[in-house]
Amino acid sequence: MSTQSLVQATNLTRLIPLLAAIIAITPFAIDMYLPAMTTLATQFNAPMSDIQQSLSLYLVGYSAGMFLFGPLADKWGRRYFVLYGLLGFMFTSAALALTSNIQLFLILRFLQAFTGAAATVVIPSYIKDIYGKDTAKGMSYVMLIMMLAPLIAPSIGSLILILGDWHMIFFLLATYALVIAIFAFYKLKLPNDAPTESTQIKDTKQMSFIKNYKIVLTKPGVPLNIMVSFVISFAFFSYLTASPFVFMSVFGLSAEKFTLIFTSNVGALMLANLINSRLVTRFGSDALLRIATLLAAIAGAALLTVNTLGLDYHYTAGALIPLMGCLGIMSVNADAIVLMKFQKEISTASAVIGTLKFGCGALGGPILALFAKNSAVPFSILMLSAVMMAAVLQIINHSRRSL
């Protein structure tokens, strides 16, 4: 079935929000329990560092899950993994709500991420099936909707703590996964969901887990574009790790003012995805990636300049808004460029991207800690360095294509 026929056969107004809702289980699971961290430390009689470790374990579990389930979804079909992943996420979330032991809580957080990855790793391949050469446009739409999750998740967590206790946060996550699983069971049915019997037989004889990864990682141009996606993700996680310290400790802002700044940056990401969805069909992912990288370098240089000069926090916030928006455009188009190079191994490609992205999530904190001081300069250097590395990788990739 052609891409155009597939799009016509699919109710996009229903399917795109469903895909976004599936992939949103990750930001919901990460951000909704953040307001409860101090409460969890008290309830478990554990140091705050142990509770913070649960976030790192989630990222590690998510990376491991994507690494495993991506090639398996290419081999056995996607729909099964969506359903198994959502149900696994549901059961582990319910178990988290019932635990009273910090060690068990940490194990379950790993398993929650690991099982949930089975559902989310296949979403880019669905988008590519639907949008074809306009994959970046489809990904922008999904990311635009998905960005609502980190925007509202901390507020939902805070409201639950006011009305009840931390257990309800994980019961809500379990309920959310169950509802999405029911919708996915009835509505998520596309022609390419599962391989045919003959394809499965061929795969059993000729394809392997390792071979799928070898195909992805040796395809011309792919490794460098995956590294572009990696360094962009590193910049995102550096921002998530450092922004509370920068604005509340260095600049001495209240939690309310920090929340407003954080929300403005999420809004910048949403606006960037909306702009990208309008422009990518006209200019293409390669051109938008290059333009966004140039603008991100300018914004990153401005961020470093204002903090080197010791200017007011308004200047830092003003530089971050365009920088985060450009990073959003860079991320979507870098991923789309990679995914467009594959037909059969697309979930494996998505797994490579996701594994590197979330695997690097734990790097931002330790690297920033090496340069810890009462200044936003190290954070600014890290953000600008990531953007410049993305630019260098693109230049190398372009020069190789020209040979």
Side-chain angles (χ1 to χ4, degrees), residues 18-19 21-26 29 57-93 107-130 135 139 142 177 180-181 184-185 187-219 222-223 226 229-230 335 338-359 361:
L18 176 59
L19 296 177
I22 293 170
I23 206 169
I25 64 172
T26 299
L57 280 172
Y58 189 95
L59 296 175
V60 172
Y62 193 73
S63 299
M66 297 192 85
F67 181 83
L68 174 64
F69 295 125
L72 296 180
D74 284 329
K75 184 174 181 179
W76 294 335
R78 301 170 302 195
R79 189 165 180 268
Y80 305 112
F81 285 90
V82 170
L83 297 175
Y84 293 154
L86 288 171
L87 292 176
F89 184 90
M90 178 195 73
F91 285 121
T92 51
S93 296
I107 293 171
L108 288 171
R109 277 293 280 178
F110 177 90
L111 293 176
Q112 182 191 37
F114 183 80
T115 54
T120 61
V121 72
V122 302
I123 300 304
S125 63
Y126 275 112
I127 297 170
K128 183 177 180 294
D129 267 2
I130 296 167
T135 295
M139 290 180 68
V142 170
I180 298 303
F185 180 79
K187 304 298 182 183
L188 194 59
K189 298 177 181 179
L190 293 181
N192 296 333
D193 266 351
T196 63
E197 184 176 350
S198 61
T199 302
Q200 287 177 320
I201 294 173
K202 181 180 178 182
D203 286 347
T204 303
K205 293 180 179 179
Q206 299 182 4
M207 299 300 290
S208 69
F209 183 92
I210 301 299
K211 189 173 182 179
N212 268 21
Y213 272 110
K214 183 178 179 181
I215 290 172
V216 169
L217 293 173
T218 56
K219 197 171 186 72
V222 167
I226 289 177
S229 185
F230 170 81
D335 292 353
V338 172
L339 296 176
M340 286 297 295
K341 293 182 179 293
F342 298 96
Q343 292 295 330
K344 182 171 180 51
E345 302 85 8
I346 188 168
S347 292
T348 303
S350 177
V352 172
I353 295 170
T355 299
L356 288 173
K357 277 187 173 183
F358 286 89

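Keep in mind the model is a prediction, meaning the values are calculated, not measured.
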Thr92 and Phe114, any side-chain heavy atoms less than 4.5 Å apart: no
Smallest separation among heavy atoms of Val121 and Gly70, with atom names: CG2-CA, 4.0 Å
With sequence neighbours excluded, residues passing side chain to side chain contact (heavy atoms under 4.5 Å, CB included) with Ile180: Leu18, Ala21, Ile22, Leu86, Tyr176
Ring pair (Phe, Tyr, Trp, His ring centres under 6.0 Å) partners for Tyr62, two or more places apart: Phe358
Nearest heavy-atom neighbours spanning Ala113 and Gly61: CB-C, 3.9 Å
Partner set under side-chain hydrogen bond (donor to acceptor under 3.5 Å, both in side chains) for Thr115, not counting sequence neighbours: none
Nearest-0.5 Å distance, CG of residue Leu72 to CZ of residue Phe67: 10.5 Å
Taking every non-hydrogen atom, the tightest pair across Gln112 and Tyr58: OE1-CE1, 3.5 Å
Side-chain heavy atoms of Ile107 within contact of Leu57, under 4.5 Å: no
Gap between atom CG of Asp335 and atom CD1 of Ile127 - 0.5 Å precision: 10.0 Å
Cationic tip of Arg79 above Phe185 ring, under 6.0 Å, 45° of axis: yes
Results of side chain to side chain contact (heavy atoms under 4.5 Å, CB included) for Tyr84 - residues two or more places apart only: Tyr80
Minimum side-chain heavy-atom gap Phe69-Val122 below 4.5 Å: no
Nearest non-hydrogen partners of Leu83 and Ala181, listed with the distance: CD2-O, 3.7 Å
Spacing of Met90 atom CE and Ile25 atom CD1 [to the nearest 0.5 Å]: 12.0 Å
